[in-house]
Structure formats: C-alpha cells, structure tokens
Amino acid sequence: MMKVGEEGEEKMDFKKEEVINKFLDYIKIRKVVSLEDLSGTFKLNTNDIVMKLNQFENEGRILGIIDDRGKYIYITEKEMGLIEKMFMNRGRISKADLIKECNRLIRFEPTEEDKIKIAEEQQKTLKELEDELNVKK
C-alpha cells in the first residue's frame, strides 16, 4: 500500500525578482490574460493570483482591471493618461460613454513586437518540454 503525502506542482517563488518580472512581463506582452492561464503558468491558485495582482498594483508595478469573465486587462501608463485626459476634457461622463471611450483608448491585443516575443517564449517552452521528454526516454 502506498500513501501520498502531498501532490501537485511546486509553486513559483514570488520572493525572487526574476519570477516577479517574468509574471509582470507575461501579462504586459499579452495585454489580456485569463486568471486561469496565469494560475496554471505560475502554479498558484486563482485567489493567490488575484492577491499578487493587487499587491503589484499597490506597489505601482502594474495597472489593470479584472473583467467579469475572469480576465486581467493590463492598462499601460499611456492608456491611463489618455483616460485621465478624457475625464479632464469632458468632466462628468455616463457609464455607457466611459465604456465606449475605454474600448477606443485601450488596446486589447498584443503589438506585433509582443506577438513575436510570445512566439519565441512558446518555442522555448516547447523545446524545454521536448528536451525533458528525451531525457526521460
């Protein structure tokens, strides 16, 4: 008879600046990322991911919102500046107009440069998996 004491994957160490930077870069280059994807990639449960996002927002390292579908939308400083400028120019604004303007001002897709970085990251991960499988054979 066997007894399993613990199971699951080892959590990533968010005390290391390298891990924090990887987490933040992952979000920044993708622009919109599912909390579940973050959870799987960084081996934390979704609640811990939300706590990390809040922590990094409070530290001023990232800015964004979590939508009702469980996705984090990263907002660049430039985009936030455009939103602030809109408020300064228009003053009071209805919720419908705010949504319309934010949809116009915020980019929801990675840039072409970021798409290249994502593809390189995926190729690197695929190579690491292939190497790991070859070692196990």
Side-chain angles (χ1 to χ4, degrees):
M1 203 177 216
M2 282 182 28
K3 180 180 176 184
V4 177
E6 291 184 29
E7 64 179 279
E9 296 183 47
E10 186 177 323
K11 291 182 179 183
M12 296 193 91
D13 185 2
F14 273 84
K15 292 180 180 133
K16 295 181 180 176
E17 195 65 28
E18 176 185 332
V19 173
I20 293 169
N21 289 335
K22 185 175 178 180
F23 179 79
L24 297 174
D25 288 344
Y26 185 91
I27 294 167
K28 288 177 180 179
I29 67 170
R30 284 166 177 77
K31 222 22 200 138
V32 177
V33 64
S34 159
L35 296 177
E36 289 181 9
D37 288 347
L38 282 172
S39 178
T41 302
F42 292 94
K43 300 171 182 69
L44 291 174
N45 66 45
T46 306
N47 289 337
D48 289 340
I49 290 293
V50 171
M51 286 175 37
K52 290 292 178 197
L53 289 168
N54 288 331
Q55 173 190 342
F56 296 136
E57 284 180 356
N58 290 335
E59 293 172 0
R61 297 182 80 168
I62 194 167
L63 177 64
I65 58 171
I66 298 174
D67 73 4
D68 58 348
R69 299 168 298 157
K71 294 186 183 230
Y72 185 80
I73 302 166
Y74 168 64
I75 301 173
T76 66
E77 288 182 29
K78 180 180 178 183
E79 291 166 339
M80 184 52 80
L82 292 171
I83 293 168
E84 288 174 14
K85 191 174 183 180
M86 176 198 61
F87 276 114
M88 298 302 260
N89 291 336
R90 291 184 65 182
R92 255 184 114 138
I93 187 169
S94 71
K95 184 177 178 181
D97 285 343
L98 174 62
I99 292 169
K100 184 174 114 181
E101 288 300 311
C102 285
N103 284 334
R104 185 179 66 79
L105 295 173
I106 298 172
R107 177 177 49 84
F108 292 94
E109 295 291 325
T111 62
E112 290 304 315
E113 182 180 307
D114 289 340
K115 287 178 183 178
I116 292 168
K117 289 179 186 177
I118 292 168
E120 289 171 352
E121 185 181 278
Q122 290 171 337
Q123 288 295 326
K124 180 181 173 190
T125 301
L126 183 60
K127 173 92 171 93
E128 289 170 356
L129 287 171
E130 287 173 349
D131 291 346
E132 189 176 313
L133 286 173
N134 288 334
V135 168
K136 289 183 179 180
K137 285 183 179 181

Of N54, V33, L44, the one forming a side chain to side chain contact (heavy atoms under 4.5 Å, CB included) with I49 is L44

Do you know which of D131, L129, T125 makes side chain to side chain contact (heavy atoms under 4.5 Å, CB included) with K127?
D131

Taking every heavy atom of L35 against every heavy atom of T46, the minimum-distance pair comes out as CB-CG2, 3.8 Å

Please name the pair of heavy atoms, one in I27 and one in Y74, separated by the smallest distance, quoted to 0.1 Å.
CG2-CB, 3.9 Å

Quick check: do L126 and E130 have side-chain heavy atoms less than 4.5 Å from each other?
yes

Measuring from [X]:[atom1] to [Y]:[atom2], what's the distance to the nearest 0.5 Å?
{"X": "R92", "Y": "L98", "atom1": "CZ", "atom2": "CG", "value": "13.0 Å"}
{"X": "L63", "Y": "K28", "atom1": "CG", "atom2": "NZ", "value": "10.5 Å"}
{"X": "C102", "Y": "E79", "atom1": "SG", "atom2": "CD", "value": "9.5 Å"}
{"X": "Y72", "Y": "L38", "atom1": "OH", "atom2": "CG", "value": "9.5 Å"}
{"X": "K71", "Y": "D37", "atom1": "NZ", "atom2": "CG", "value": "7.5 Å"}
{"X": "I75", "Y": "I73", "atom1": "CD1", "atom2": "CD1", "value": "7.0 Å"}

Residues D114, T111; criterion side chain to side chain contact (heavy atoms under 4.5 Å, CB included); working and verdict:
CA-CA 5 Å; D114 289 340; T111 62; 3.3 Å; yes

Any side-chain to backbone donor/acceptor pair from [X] onto [Y]? Under 3.5 Å, distance only.
{"X": "N103", "Y": "I99", "answer": "yes"}
{"X": "D67", "Y": "G70", "answer": "yes"}
{"X": "K117", "Y": "I29", "answer": "no"}

Path from [X] to [Y] over hydrophobic side-chain contacts below 4.5 Å:
{"X": "M86", "Y": "I65", "value": "yes"}
{"X": "F108", "Y": "L82", "value": "yes"}
{"X": "L24", "Y": "I106", "value": "no"}

Is [X] salt-bridged to [Y], cutoff N-O under 4.0 Å?
{"X": "E17", "Y": "R61", "result": "yes"}
{"X": "E109", "Y": "K115", "result": "no"}
{"X": "R104", "Y": "E101", "result": "yes"}
{"X": "D48", "Y": "K52", "result": "no"}

Could you check whether R30 makes a cation-pi contact with Y26, meaning its NZ or CZ is under 6.0 Å from the centre of the six-membered ring and within 45° of the ring axis?
yes

Please say whether more than 12 non-hydrogen atoms of neighbouring residues, nucleotides or ligands are located less than 6.0 Å from [atom1] in [X].
{"X": "E18", "atom1": "CD", "result": "no"}
{"X": "Q55", "atom1": "CD", "result": "yes"}
{"X": "E59", "atom1": "CD", "result": "yes"}

Measure up the F42 and F23 rings against each other and bin them: parallel (under 30°), tilted (30 to 60°), perpendicular (over 60°).
perpendicular

